[in-house]
Amino acid sequence: MARYPFRETEAKWQRLWEEEGCFHADRDPDRPKYYVLEMFPYPSGRIHMGHVRNYTVGDVVARLKRRQGYNVLHPMGWDAFGLPAENAALEQGVHPKSWTYRNIAEMREQIRAIGCSLDWRREFATCDPAYYRHEQEMFLDFLERGLAYRKEGWVNWDPVEQTVLANEQVIDGRGWRSGAPVERRKLPMWYFRITRYAEELLAGLERLERWPEKVKLMQRNWIGRSEGARVVFPVEGRSAALEVFTTRPDTLWGASFLAVAPDHPFSEELAREDPAARAFIRECLRTAASEEAIEKAEKKGYHTGLYARHPLAGEGAPERLPIYIANFVLMDYGTGAIFGCPAHDQRDLEFARAYGLPVRPVVLPPGADEAGFTIGEEAWLGDGTLFRSGFLNGLPVAEAKRRVIAWLEAHGAGRAEVTYRLRDWGVSRQRYWGCPIPVIHCPDCGVVPVPRDQLPVTLPEDVDFSQPGNPLDRHPTWKFVDCPRCGGPAQRETDTFDTFVESSWYFARFASPWREDRSFEGEDVGYWLPVDQYVGGIEHAVLHLLYARFFTRALRDCGYLQCDEPFAGLFTQGMITHRTYRDPEGRWIEPGEVRRAEDGRLVTLDGRPVVVGRVEKMSKSKKNTVDPTTIIQQYGADTARLFMLSDSPPERDLEWTDAGVEGAYRYLNRLWRLVEERLPELPPPGAGLTEPVGPEERALKRRIHQTIQRVSEELERFHFNKAVALLRELSNAIEAFRTTTPSGRGLVREALEALVSLFEPMIPHLAEELWQRLGHGEPLARTPWPKADPAWLAEDTVRIVVQVNGRRRAEIELPAPAGEEEVRVRALSEPGVVRHLQGREPRRLVYVPGRLLNIVL
RNA sequence: GGCCCCUUGGCGGAACCGGUAGACGCAGCGGACUUAAAAUCCGCUCGGGCGCCUGCCCGGUCCGGGUUCGAGUCCCGGAGGGGCCA
């Protein structure tokens with residue numbers, strides 16, 4: 001029997017879809033729209049299996065929705081700015097632009113080979129001035145509205161990438177891409193005021209019903225809302241007071257010191273007069289800025305010799321508190337100053353023990369007694385009752401917080417305050433291959449925005465990568481311009497945007513990508529946005545996905561868009577993993593360099609023993625990758641797609657195995673043969689519905705319609721593995737069904753058509769081919785999704801399990817619907833049941849209609 | 001350290017609201033076809049026992065306890081693994 005000729009078939013259908021424009025989407029107010037988007041790729045040069053899984057999942061949704069009658073927008077583009085292009089320039093002497101466009105050309109063909117239902121007319125690359133000019137305009141709008149600003153501050157510096165990183169891009173104290181430990185540097189840079197939207201971004205999560213809880217939780221934690229109070233501590237002998245943020249104002253009576261951040265203005269002022277303070281501050285700032293690093297570092301402080309008056313001194317709190325400069329206080333969280341309450345904060349406790357400060361418990365844990373309660377190695381962080389705390393005595397923590405805040409507000413000594421852990425998004429990067437920030441620095445006028453009629457500010461092409469640092473800054477002419485305001489000599493900003501800026505609005509650009517004068521066509525974005533189903537990796541949970549939510553709101557407030565949320569539904573697919581292998585010397589080796597020896601053990605191609613390692617995420621460094629292009633050439637795109645969808649639920653990690661791919665390939669051939677073998681006996685297409693005769697035919701008819709129903713539901717819920725299992729069951733049933741009657745042959749046609757049609761979103765090429773062979777002129781891509789006939793969803797008999805004391809003893813089959821009385825009579829006469837009753841009288845009968853009867857003795 | 005999630009055959013996984021645990025596959029074993037192999041097809045496949053081909057019984061969803069007529073599913077405690085924030 002011939003094999004399925006996948007090469008010809010896949011090429012044929014891809015050509016046909018393209019020629020017919022099957023996947024072109026245009027605004028049509030009369031039809032409901034559905035926008036499916038997968039996170040667009042960085043053009044690194046080759047696609048990897050993660051891309052294939054991502055696009056396959058998105059394509060199943062797009063094809064399903066299209067056939068359900070939606071006007072489906074499913075575009076593809078390129079996240080084309082970024083550092084790897086500059087590294088390539090450095091290593092290979094190729095210009096970042098040509099490297100990028102060459103990669104795009106290659107990857108476009110690789111992605112096309114997967115056979116996704118994409119509207120390629122809308123493709124764009126973010127490195128195109130036609131794209132980034134709009135980003136520059138958005139920035140100018142942000143600038144006017146105070147959503148973008150420039151400030152000098154301590155930043156995370158990636159020594160490998162030679163650029164600044166945002167907080168979200170520092171993972172475990174290291175650059176998210178380079179993996180190098182980040183350093184602290186003080187630099188002027190541009191920020192987006194994401195903190196203005198902290199509350200809205202947090203509240204908006206509640207309405208994102210089709211987002212994974214896990215992602216929402218991560219964003220919630222990242223935004224990190226905390227309620228507390230700002231408390232004013234006058235400093236003795238100084239006119240200025242220190243303002244402190246605390247989430248535990250209830251513990252004010254337990255205060256034993258104040259601590260300020262090393263880069264707090266108060267510290268900087270002291271440093272001017274006190275060389276020891278200056279030295280201490282310098283020491284602190286040398287260590288990394290991350291919260292994690294600070295948490296792990298030894299708690300160190302410098303006693304300034306100054307004291308603060310406790311605002312509650314008159315209410316029995318300690319009179320005066322020593323002021324320290326401390327390495328564990330962060331300038332950009334709260335007010336950059338804290339009061340230390342060692343009894344009820346672990347960091348404060350460690351600090352107090354190191355510097356001999358008093359530890360005064362003021363919250364009594366439930367069940368403890370006032371006289372005997374002391375703090376040992378662990379601060380008490382839990383709830384309890386206030387004591388030794390003046391007018392708070394006897395109150396629980398929550399109530400004490402309210403009371404003390406009311407007192408502070410009444411006495412002008414503080415107020416309730418909400419703070420967030422979220423920091424403003426630093427977007428300056430000292431790189432060439434990014435969108436230029438459209439401002440000019442004038443010695444007289446300061447920062448001057450580039451006039452809108454001079455946009456876009458384009459990158460110069462003649463750049464020199466032979467030296468480290470930012471080539472834009474070194475360029476002989478590019479940055480030297482006249483000030484647009486005074487006409488005097490001035491300089492362009494040489495920082496470019498973080499590449500996460502481009503990906504923060506690309507989904508909206510797909511609505512009207514050909515528009516030159518404006519970023520978006522109002523009617524287009526109004527029609528297409530928000531994205532109905534976004535698909536991508538979970539690694540962007542707090543990076544891209546948070547930035548895009550912010551950007552959408554900022555664009556809304558600047559009048560670009562009407563919607564708040566960019567992505568109404570989000571699906572995060574799991575990673576692709578693969579077994580790792582090493583040679584006897586311990587070097588990683590590729591799966592292709594491993595073979596099975598005659599004795600069954602794994603050896604290298606030259607016969608040396610292989611050390612089998614763990615199953616890990618596919619990565620170049622571990623050499624456990626499989627190239628999708630090779631797989632597609634060897635087995636076809638449908639095989640890769642089916643394997644991706646078959647066994648593991650898409651949100652979980654998927655282990656790539658040769659056996660799994662072979663299995664998918666074998667099934668496609670079996671499906672091909674199944675149709676080919678039955679074709680001669682089938683009635684012509686469109687002969688109308690078949691009325692089944694006899695129990696076997698009725699059973700097949702029911703299975704067809706139950707499969708239509710259930711596959712539709714499972715695809716809708718992203719349970720692709722279950723949809724595949726159901727379809728394999730249907731195809732097993734067709735194989736087992738032998739017939740010679742006209743009605744039987746009609747049923748086989750109905751079954752095969754349902755099978756092929758339902759499989760189309762997952763294995764579109766083979767499905768189209770078989771659909772055509774079944775005699776249809778219109779491609780499946782344009783054929784409506786099948787509908788189950790409700791009359792055939794119900795079984796005409798019911799099987800009821802009979803239990804005695806919760807243990808299965810018999811199964812009875814009755815015509816549907818079966819009444820309880822009927823079931824009871826039949827059940828009690830079943831031999832298996834009688835045997836276990838042993839003549840005893842049932843105490844109770846529990847009947848679950850249509851399912852089960854439990855006889856309780 | 002805090003919060004969250006997960007744990008089902010040799011493996012991936014299924015089991016809807018608490019109602020027949022192991023669907024569908026992978027791997028394995030046995031058989032058919034073939035000179036042979038590949039491909040394909042048929043059968044078996046959680047463990048133990050009985051029965052001796054029709055089946056029947058016991059145990060079994062990480063461990064311990066609880067709720068319930070009935071728990072993989074709910075509750076409490078523990079172990080192991082993962083994620084996020086520290």
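All chains are named by letter (A, B, ...) in the order of the sequence lines, taking the proteins before the strands, and each is independently numbered beginning at 1.
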Establish, with yes or no, whether the OP1 or OP2 oxygen of B:A27 is under 4.0 angstrom from a side-chain nitrogen or oxygen of A:R666.
yes

Hey, does A:N805 reach any base, or is it just sugar-phosphate, or nothing, if we go heavy atoms under 4.0 Å?
nothing

A:R773 vs A:E676 side-chain heavy atoms within contact, under 4.5 Å:
yes

Would you say a side-chain N or O of A:R710 is under 4.0 Å from OP1 or OP2 of B:A23?
no

Check whether any side-chain nitrogen or oxygen of A:N221 sits under 4.0 Å from OP1 or OP2 of B:G2, and answer yes or no.
no

Could you tell me whether the phosphate oxygens of B:C57, OP1 or OP2, come under 4.0 Å of any side-chain nitrogen or oxygen in A:R809?
yes

Can you check whether A:N721 has a side-chain N or O nearer than 4.0 Å to OP1 or OP2 of B:A14?
yes

The Watson-Crick or G-U wobble partner of B:U40, with both key distances under 3.5 Å, is B:A32

Tightest non-hydrogen contact, residues A:L349 and A:P342, listed as CB-O, 3.2 Å

Test log, rule side chain to side chain donor-acceptor pair (under 3.5 Å), inputs A:T580 and A:N624:
CA-CA 5 Å; A:T580 53; A:N624 60 340; 5.8 Å; no

Return no unless some side-chain N or O of A:R851 is found under 4.0 Å from OP1 or OP2 of B:G19.
no

Taking only N and O in the side chain of A:R673, is any of them less than 4.0 Å away from OP1 or OP2 of B:C41?
yes

Under-4.0 Å side-chain N/O to phosphate OP1/OP2 contact, A:R652 with B:G13:
yes

